[in-house]
There are 2 protein chains.
Amino acid sequence: MRPEERAQRLLQELERHGYRTTPQREAVCQALAYHGGHPSAAEIVEAVRPQGIGQATVYNTITALEKLGVIQAMPLNTDEHTRYDLDTTPHVNVVCSTCGAILDCHAPQLDLLLAQLASQVGTSFESANVVVYGRCQQCQRTQLVA
Amino acid sequence: MRPEERAQRLLQELERHGYRTTPQREAVCQALAYHGGHPSAAEIVEAVRPQGIGQATVYNTITALEKLGVIQAMPLNTDEHTRYDLDTTPHVNVVCSTCGAILDCHAPQLDLLLAQLASQVGTSFESANVVVYGRCQQCQRTQLVA
DNA sequence: TACTCTATTGAGAATCATTCTAAGTTTAGG
DNA sequence: CCTAAACTTAGAATGATTCTCAATAGAGTA
Ligand SMILES: [Mn+2]
Ligand SMILES: [Mn+2]
Ligand SMILES: [Zn+2]
Ligand SMILES: [Zn+2]
């Protein structure tokens, strides 16, 4: 999905739940969508600051989107701030413990695991947050050279 | 593994890496081991306060254990504080989004998933943090009644 | 248009988990 | 004993997030 489409989807979801569409919310949704990766609140605050948008509004919008389940909080233990995932379908987030890069991996195995777990434990799952810490290929190469 | 054993293992691991065994560290390790679930730093601070142990020491000890890889930080997005897992082997943590209970699920599927991912992405993984949010059986029943 | 009522915004203050500082205490080794 | 390094801890600092509340914008209405 293209960034512009994604931004629209975020706004639509807000509207669908009674939130007004405002220039500020539009800017926040666009910043989220155009980030491309796993944005942190601070990064979005930074991105929309030139447009004179306050941090309270950024946090409010992000929290609203999170409550609607259209984005997902993703706290990490390497980084100080929580990051957000625009992809709420279950997938593995591979976090490089050296450079912090985050790589998405959609493995069918994960869906199997969750399905099996659901039937076993007898619960319906709302969301999954799968994070694996390792070293990305680039950092692995760098380490070998050094 | 019994709590007392676990506490010993934590201390041994500290000692093995050059940390002295002190009464404070002993108390912190015991509090961690006897917690039974997934303790937060605040809970440990609380648990050892009667023994006159300061929060700085608790945080220092926990951070040391975490660096040694013998416990693992587990930030959640339901709760405000990071929790710690004494079981660092990959497993699914099922978090009840209603009551906050955390259930460990060791599913062989997960090991398969990680192995496959490692060969696919070409990285060796250091640790995994798998959290699934849902509703525990007890809260599910309560909801049905209400 | 003019008005009203509610949602929204945002600067700045407050909160709160975690980290840092710095001064005192312990201890291993000689 | 000495000494140097490790350890402890009260309290201050930090920093992400949340809250407050006065000002603003906008939708619906007359
Ligand atoms: Mn992701
Ligand atoms: Mn666990
Ligand atoms: Zn990397
Ligand atoms: Zn529950």
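Numbered from 1 within each chain, the chains take letters A, B, ... in sequence-line order.
The phosphate of D/dT9 (OP1 or OP2) has a side-chain N or O of B/Gln24 nearer than 4.0 angstrom. Regarding contacts with the backbone of D/dT17, a side-chain N or O of A/Thr82 is found under 4.0 angstrom from either OP1 or OP2. Checking the phosphate oxygens (OP1, OP2) of C/dT9, a side-chain nitrogen or oxygen of A/Arg25 falls inside 4.0 Å. For the OP1/OP2 pair of C/dT19 and a distance below 4.0 Å, the side-chain nitrogens and oxygens of B/Tyr59 include no atom meeting the criterion. The side chain of B/Thr22 contributes no N or O atom lying less than 4.0 Å from OP1 or OP2 of C/dT26.
Closest to the B/Asn60 side chain, of the nucleotides D/dT9, D/dT17, C/dT18, is D/dT9.
Atom P of nucleotide D/dA6 and atom CD of B/Glu15 are separated by 16 Å, given to the nearest angstrom.
A salt bridge does not link B/Glu15 with B/Arg20: none of the charged nitrogens is closer than 4.0 Å to a carboxylate oxygen.
Across all strands shown, B/Ala42 has no heavy atoms under 4.0 Å from either base or sugar-phosphate atoms.
A donor and an acceptor atom, one from each side chain of B/His106 and B/Asp111, are nowhere located under 3.5 Å apart. Checking B/Glu13 against B/Tyr19 by side-chain atom types alone, no donor-acceptor pair falls below 3.5 Å.
Put simply, the side chain of A/Arg83 gets close to the backbone of A/His38: a donor and an acceptor are under 3.5 Å apart.
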